[in-house]
Protein chains: 2
Amino acid sequence: MDHSGTVALAVSTVIFALGSQPDTGRVGLRLPLVRRIREPYEGQWALPGGPLRADEDLAEAARRNLRDTTALTPRYLEQLYAFGTVDRSPDDRVVSIVYWALAESAETTSGEHDNVRWFEADHLPTLAFDHATIVDYALWRLRTKIEYSRIAHAFLGETFTLTQLREVHEAVLGKPLDPANFRRMIESSDAVIPTDLRLTGTSHRPPRLYRYNRDFAFADRGPLTLS
Amino acid sequence: MDHSGTVALAVSTVIFALGSQPDTGRVGLRLPLVRRIREPYEGQWALPGGPLRADEDLAEAARRNLRDTTALTPRYLEQLYAFGTVDRSPDDRVVSIVYWALAESAETTSGEHDNVRWFEADHLPTLAFDHATIVDYALWRLRTKIEYSRIAHAFLGETFTLTQLREVHEAVLGKPLDPANFRRMIESSDAVIPTDLRLTGTSHRPPRLYRYNRDFAFADRGPLTLS
DNA sequence: ACAAAAGTGTTGCGCCTACACCCATGC
DNA sequence: GCATGGGTGTAGGCGCAACACTTTTGT
């Protein structure tokens, strides 16, 4: 290992989107990985990331990862953790500052080039470095945070029904939720604003469309007004 | 600003301990700062920290900060956040990975050398860089975390009474708590184990001494088993 | 009319708060 | 005995989970 005095700094991103599993057809979490084209771990799958450029902020770098690998813009982006144990990269010393992002579900089937591929979050291949640990942690953060914070809208479009929002929660948490109580929980939280529009074309009573309350975000987390 | 391509990596630590304010005599949060002896911000107060050595883990570096500035060992240590905006240091590009620590209250009056001094957390001088923001965020994390997690024991010795533990919570949160309900809350959480010992020498019924339940820590946070 | 999901009402349980009250020790 | 905090008991309220019920559309 190279302990000659330099520590490399990288930024990686765990990107979540929703997609239906080809086998069961159920909606679940998916995330994109890139195939490594260099040693170490050549040929294995890893999180998108790269060195931090001197003229870009950390969150900017994460956004760039996301754009380069998926051509998507994150609807939610938050720093996850800085991973920096001495032995996490076999040949050199790398500290990775990892972000996690939520993106609107898009083409999550095999991408343009074969070096980027979307996987189901609970059927991942063997990952390079400590990236399996990182994904586990990101999944844990997503699941715990969705329970007390209102971030699920980030998986959806500009407007959405409360049933769609509930289905996001159900897919992330992996369990069914009571529609009536879910409705009251969301409505009383102020996270969402009703529009005059309704979703038509269904074979039943047309549900109201809602929009995310942008002001709500500022009441969210402490004294940091980031990203 | 130097954007020639190198990004420096530093580790800093916000160290909290309890101490009685000289004026009011009430117990409050205190933290140590070091006086900068170089430009930029020469003469101003800053968080203890320094560059990351290539052969030490991030948490190790934080522990070293703590030992070097206060000669204390942390009773609790956790990563806070990685701060890395491009302009946070005027002359070069520095990314700081910041830890926060709790230490048993010790000599928090002016230290041996004049370059390290303990300050009351809500009467800090002007700080160098973005360190005021960092301390604000660390305070917010401490205050929100003490409500749902059981970390207050880290300010105390090996054994303590529930009243001492309650006084820690009161000092951190800045508000009085009901002794009866606090007792039940702690006891039902399993965070603490009663000993056979009692604290004597008081002018009233001798209170039972408790010990922290080391097993409890593992049930705490997600899939990361750190520090 | 019927199906199916949207949306509303209601009840009961559990937890948390507030506060009354007894207990054990030093002086 | 009295003062002082240690420690226990208990009633009211709030929030949430469960589930019955009504509404509104398409076919």
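Keep in mind that the numbers below use all heavy atoms, side chains included, and drop hydrogens, waters and symmetry copies. Everything quoted here is computed from the prediction, not taken from an experiment. Within every chain, numbering begins at 1; the chains are lettered A, B, ... in the order of the sequence lines, protein sequences first and strands thereafter.
- Atom CZ in A/F182 sits roughly 17 Å away from atom C1' in D/dG15 (whole-Å rounding).
- Between A/L199 atom CG and D/dG26 atom C1' the separation is 13 Å, expressed in whole Å.
- Scanning residues 203-213 of chain A for heavy-atom distances under 4.0 Å to DNA chain C yields A/H204, A/R205, A/P207, A/R208.
- Of the residues in residues 166-181 of chain A, those placing a heavy atom less than 4.0 Å from an atom of DNA chain D are A/D178, A/A180, A/N181, in numerical order.
- Judged by distance alone, with hydrogens and angles left aside, the side-chain atoms of A/H153 form no donor-acceptor pair with the main-chain N or O of A/Y212 at under 3.5 Å.
- Of the side-chain N and O atoms in A/R198, one or more sit less than 4.0 angstrom from OP1 or OP2 of C/dG7.
- Atoms CZ (A/R183) and C1' (C/dA5) sit 10 Å apart, rounded to a whole Å.
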Fill in: Step-by-step salt bridge (Lys or Arg N to Asp or Glu O under 4.0 Å) determination, A/R166 to A/E170
CA-CA 6 Å; A/R166 176 170 51 81; A/E170 289 175 337; 3.2 Å; yes
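- A donor and an acceptor atom, one from each side chain of A/E187 and A/Y210, are located under 3.5 Å apart.
- Using a 4.0 Å heavy-atom distance criterion, B/T163 is classed as a sugar-phosphate-only contact.
- D/dG7 atom C1' lies 10 Å from atom CG of B/L162, rounded to whole Å.
- Under the 3.5 Å distance criterion, the side-chain polar atoms of A/T195 are matched with a main-chain donor or acceptor of A/L197.
- Using a 4.0 Å heavy-atom criterion, one finds that B/T161 contacts no nucleic acid atom at all.
- Contact annotation for B/T200: no contact, since no heavy-atom pair falls under 4.0 Å across all strands.
- If you check distances only, the side chain of A/R184 does reach the base of C/dG9 with a donor-acceptor pair under 3.5 Å.
- Between A/Y137 and A/Y81, the ring centre distance stays below 6.0 Å.
- Between the side chain of A/Q79 and the backbone N or O of B/A82, at least one donor-acceptor pair lies under 3.5 Å.
- Between the B/T202 side chain and the B/H204 main chain, a donor and an acceptor come within less than 3.5 Å of each other.
- Between the CG atom of A/L165 and the P atom of C/dG7 there is a distance of 13 Å, rounded to whole Å.
- Counting only distance, with no hydrogens or angles, the side chain of B/N213 and the backbone of B/D215 share a donor-acceptor pair below 3.5 Å.
- With hydrogens and angles disregarded, a donor-acceptor distance shorter than 3.5 Å links the side chain of B/S189 to the backbone of B/I186.
- A residue-by-residue look at B/E187 and A/S188 shows that B/E187 has its nearest nucleotide of DNA chain D further toward the 5' end.
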